[in-house]
Peer 1: 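Before we start, here is the structure in question, set down as C-alpha cells.
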Amino acid sequence: QVRLEESGGGLVQPGDSLRLSCLASGRTFSTTVMAWFRQAPGKDREFVAGVKGDGDSIYYGDSVKGRFTVSRDNAKNTMGLQMNSLKPEDTAVYFCAARVGRFVLRNAIDYDSWGQGIQVTVSS
C-alpha cells in the first residue's frame, strides 16, 4: 500500500476555484494509478478524476468534466486537482486514492490505498 495525504480543502463561494493536493509515499509512485473520489453526506463515493502512472491518460467524472483538471508530478510524488467554477453540489469530502495496475478504474472498491479525506464546501 501507499500512504496518501490530502491538503488544500476549505470553504469557498460558488464560482470560486480551489486546488487540492495529494502527497504519496511508500510505493513507486510512477507506476501507481492515482484518482480523486468524493463523497457527500448520504451518497456513494463518486469518481472525480484519475490519471495513469505515466500521466498520459486522464479521465474525469461527467459531473466535473470541463471544470476540474487533474495532474501529477512523479518527481515530487504528488497529484493535484484544480477545481474551477465550483458549485454547491461539489460540496463533499474529497479523497485521494491509489491502485496497483495499469488502468484508471471508476469504482472505489478497485483502489487499495486511501487518504483520510478533506472537506470542500461550496456555499454563499
Peer 1: Given side-chain contact (heavy atoms from CB on, under 4.5 Å), test Val33 with Phe103 step by step and report yes or no.
Peer 2: CA-CA 7 Å; Val33 172; Phe103 303 108; 5.8 Å; no
Peer 1: May I ask whether Val70 and Phe47 are part of the same hydrophobic cluster, defined by side-chain heavy atoms of I, L, V, M, F, W, Y residues being less than 4.5 angstrom apart, directly or through others?
Peer 2: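 Unlinked, Val70 and Phe47 end up in two clusters.
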Peer 1: Below 4.5 Å, heavy atoms only, C-beta onward: do Ser71 and Arg19 meet side chain to side chain?
Peer 2: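 Side-chain contact under 4.5 Å: yes.
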Peer 1: So which atom in Gly9 and which in Val120 form the shortest heavy-atom distance, rounded to 0.1 Å?
Peer 2: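 In this case the closest contact between Gly9 and Val120 is CA-CG2, 4.2 Å.
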Peer 1: Tell me whether Lys65 at atom NZ has more than 12 heavy atoms from other residues, nucleotides or ligands lying less than 6.0 Å away.
Peer 2: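 Yes.
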Peer 1: For the residue pair Asp73 and Thr78, confirm or rule out a side-chain donor-acceptor distance under 3.5 Å.
Peer 2: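 Not at all, the side chains of Asp73 and Thr78 share no donor-acceptor pair under 3.5 Å.
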Peer 1: Would a 4.5 Å heavy-atom cut-off, applied to side chains only, mark Phe95 and Gln116 as touching?
Peer 2: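 Phe95 vs Gln116: side chains apart.
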Peer 1: When Ile58 is tested against each of Val51, Thr69, Val104 for side-chain contact (heavy atoms from CB on, under 4.5 Å), which residue passes?
Peer 2: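 Testing Ile58 for a side-chain contact (heavy atoms from CB on, under 4.5 Å) against Val51, Thr69, Val104 leaves exactly one candidate, Val51.
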Peer 1: More than 12 heavy atoms of other residues, nucleotides or ligands under 6.0 Å from CZ of Arg102: yes or no?
Peer 2: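 Check fails, neighbour count at 12 or below.
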Peer 1: Can you confirm whether Leu81 sits close enough to Tyr94 that some side-chain heavy atom of one is under 4.5 Å from a side-chain heavy atom of the other?
Peer 2: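 SC-SC contact between Leu81 and Tyr94 confirmed.
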Peer 1: Would you say the side chain of Met79 lies within less than 4.5 Å of the side chain of Trp36, judging by non-hydrogen atoms?
Peer 2: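 Result yes, sub-4.5 Å side-chain heavy-atom pair found.
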Peer 1: Before you tell me yes or no, could you show the steps for Val122 and Gln13 under side-chain contact (heavy atoms from CB on, under 4.5 Å), namely the whole-Å CA-CA distance, both residues' side-chain angles and the distance that decides it to 0.1 Å?
Peer 2: CA-CA 5 Å; Val122 185; Gln13 294 186 342; over 6 Å; no
Peer 1: For Ser63 and Glu46, test the side chains for any donor-to-acceptor distance below 3.5 angstrom and give the result as yes or no.
Peer 2: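 Yes, because at least one side-chain N or O of Ser63 sits under 3.5 Å from a partner of the opposite role on Glu46.
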Peer 1: Shortest non-hydrogen contact from Glu6 to Cys96?
Peer 2: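 Scanning both residues, the minimum pair turns out to be OE2-N, 2.8 Å.
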Peer 1: Return the minimal non-hydrogen interatomic distance between Pro14 and Ser123, and the atom names on each side.
Peer 2: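 Answer, listing the atom of Pro14 first, then Ser123: CD-C, 3.7 Å.
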Peer 1: In sequence, state the C-alpha distance, the side-chain angles, and the governing distance for Leu18 and Phe68, and then conclude on side-chain contact (heavy atoms from CB on, under 4.5 Å).
Peer 2: CA-CA 10 Å; Leu18 197 64; Phe68 290 11; over 6 Å; no
Peer 1: Provide the closest heavy-atom pair for Ala92 versus Arg38 in the form atom of the first, atom of the second, distance.
Peer 2: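 Smallest heavy-atom distance, with atoms named: CB-CB, 3.9 Å.
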Peer 1: If I take atom SG from residue Cys22 and atom CZ from residue Arg72, how far apart are they, to the nearest 0.5 angstrom?
Peer 2: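 Those atoms lie 10.0 Å apart.
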Peer 1: So, do Leu4 and Met34 sit near enough that their side-chain heavy atoms are less than 4.5 Å apart?
Peer 2: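 Yes. Closest side-chain heavy atoms under 4.5 Å.
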Peer 1: Would you sort out whether Tyr111 and Phe37 count as a ring-ring contact (aromatic ring centres under 6.0 Å, His included), showing the intermediate values?
Peer 2: CA-CA 10 Å; Tyr111 290 77; Phe37 285 78; 5.2 Å; yes
Peer 1: For atom CZ of Arg106, is the number of surrounding heavy atoms from other residues, nucleotides or ligands below 6.0 Å larger than 12?
Peer 2: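 Yes, because the 6.0 Å sphere around CZ of Arg106 holds more than 12 heavy atoms from other groups.
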Peer 1: Verify whether one side chain among Gln119 and Thr121 offers a donor that lies under 3.5 Å from an acceptor in the other.
Peer 2: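 There is such a pair between these side chains.
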Peer 1: With Arg67 as the cation and Tyr60 as the aromatic partner, state whether NZ or CZ is under 6.0 Å from the six-membered ring centre and within 45° of the axis.
Peer 2: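 Pair Arg67/Tyr60 does not count as cation-pi.
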Peer 1: Might you point out which heavy atoms bring Gly8 and Ile118 nearest each other, and give the distance in Å?
Peer 2: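 Closest heavy-atom pair between Gly8 and Ile118: N-CD1, 3.5 Å.
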Peer 1: How about Lys76 and Phe29: do any of their side-chain heavy atoms sit closer than 4.5 Å?
Peer 2: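 Heavy-atom side-chain distance check fails, nothing below 4.5 Å.
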Peer 1: Are Val100 and Thr32 side-chain neighbours, meaning at least one heavy-atom pair lies under 4.5 Å?
Peer 2: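 Val100 does not reach Thr32 side chain to side chain.
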Peer 1: Quick one: is the NZ or CZ of Arg45 closer than 6.0 Å to the six-membered ring centre of Trp114, and within 45° of its axis?
Peer 2: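 Arg45 over Trp114 ring: yes.
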Peer 1: Main chain of Asp56, side chain of Asp54: is a donor-acceptor contact present, judged purely on distance under 3.5 Å?
Peer 2: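 Yes; at least one donor-acceptor contact below 3.5 Å.
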Peer 1: Which heavy atom of Asn74 sits nearest a heavy atom of Asn77, and at what distance?
Peer 2: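 For Asn74 and Asn77, the tightest heavy-atom pair comes out as O-OD1, 3.3 Å.
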Peer 1: For the residue pair Asn84 and Gln82, establish whether any side-chain heavy-atom pair is separated by less than 4.5 Å.
Peer 2: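 With C-beta onward as the side chain, the pair touches.
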Peer 1: Between Arg99 and Ala35, is there a donor-acceptor pair closer than 3.5 Å when you use the side chain of the first and the backbone of the second?
Peer 2: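 Between the backbone of Ala35 and the side chain of Arg99 there is no qualifying donor-acceptor contact (under 3.5 Å).
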